[in-house]
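Note sheet for the following structure.
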Amino acid sequence: IKRGYFNKLRKVVTGADIADWANKNLSKSDDNYKRRLCQDLLDRHFIFSVNESLEFSSENDAYYIFQCDRPKIAINMVF
């Protein structure tokens with residue numbers, strides 16, 4: 001996803017992708033529980049919102065990046 005003039009983020013996922021994963025892999029049928037889990041991922045900095053939103057959105061236009069894939073982390077600067 002392109003962000004700004006010179007910055008491109010790789011390895012982004014949409015909120016819909018994360019919500020689909022939760023629906024397929026969690027045994028609980030409670031949608032509220034799954035939504036809280038996704039919000040907890042964001043609150044605990046396992047995922048980061050590309051547009052710096054504090055609320056998790058399960059929409060296709062909400063983009064997230066996992067903590068280990070963030071730019072400017074030393075391991076991700078090695079080519």
Side-chain angles (χ1 to χ4, degrees):
I1 182 172
K2 188 168 177 154
R3 186 175 177 201
Y5 288 112
F6 301 107
N7 193 4
K8 276 190 179 179
L9 293 176
R10 298 179 189 163
K11 299 182 182 180
V12 295
V13 294
T14 65
D17 292 335
I18 297 171
D20 287 344
W21 176 87
N23 286 330
K24 290 177 186 173
N25 294 294
L26 297 176
S27 60
K28 291 210 175 224
S29 61
D30 183 14
D31 287 336
N32 202 17
Y33 169 79
K34 293 174 189 174
R35 181 141 181 92
R36 280 195 324 266
L37 177 82
C38 293
Q39 183 63 44
D40 280 347
L41 289 173
L42 186 62
D43 292 341
R44 295 172 189 235
H45 305 290
F46 288 103
I47 59 174
F48 292 87
S49 175
V50 171
N51 63 351
E52 300 176 0
S53 173
L54 299 177
E55 296 292 321
F56 179 80
S57 173
S58 59
E59 302 298 322
N60 279 327
D61 60 350
Y63 295 101
Y64 297 92
I65 189 165
F66 283 92
Q67 191 273 340
C68 61
D69 294 329
R70 288 184 69 199
K72 298 184 182 175
I73 292 179
I75 194 140
N76 293 335
M77 293 179 171
V78 178
F79 294 117

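Along the sequence shown, residues carry numbers from 1. These values consider heavy atoms only, across backbone and side chains, with no hydrogens, waters or symmetry-generated copies.
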Separation between CG (Leu42) and OG (Ser53), nearest 0.5 Å, reads 7.0 Å

Is Phe56 close to Arg35 at the side-chain level, that is, under 4.5 Å between some pair of heavy atoms?
-> yes

Looking only at heavy atoms, which two atoms of Gln39 and Leu54 are closest? And how far apart?
-> NE2-O, 3.0 Å

Heavy-atom distance under 4.5 Å between the side chains of Thr14 and Glu59, does that happen here?
-> no

To the nearest 0.5 Å, what is the distance between SG (Cys38) and CD1 (Ile47)?
-> 6.5 Å

N/O donor-acceptor pair under 3.5 Å between Asp17 side chain and Val13 backbone | no

Straight-line distance of Leu37 CG to Phe46 CZ, nearest 0.5 Å | 10.5 Å

How many angstroms lie between CG in Leu41 and CD1 in Ile18, if you round to the nearest 0.5 Å?
-> 7.0 Å

Candidate pair Lys24 and Trp21, rule side chain to side chain contact (heavy atoms under 4.5 Å, CB included), full reasoning = CA-CA 5 Å; Lys24 290 177 186 173; Trp21 176 87; over 6 Å; no

Output for pair (Asp31 CG, Ser58 OG), nearest 0.5 Å, gives 9.5 Å

When rounded to the nearest 0.5 Å, the distance separating CG of Asp40 from OH of Tyr33 is 9.0 Å

Trace of the side chain to side chain contact (heavy atoms under 4.5 Å, CB included) decision for Tyr64 with Ser57 = CA-CA 10 Å; Tyr64 297 92; Ser57 173; 4.0 Å; yes

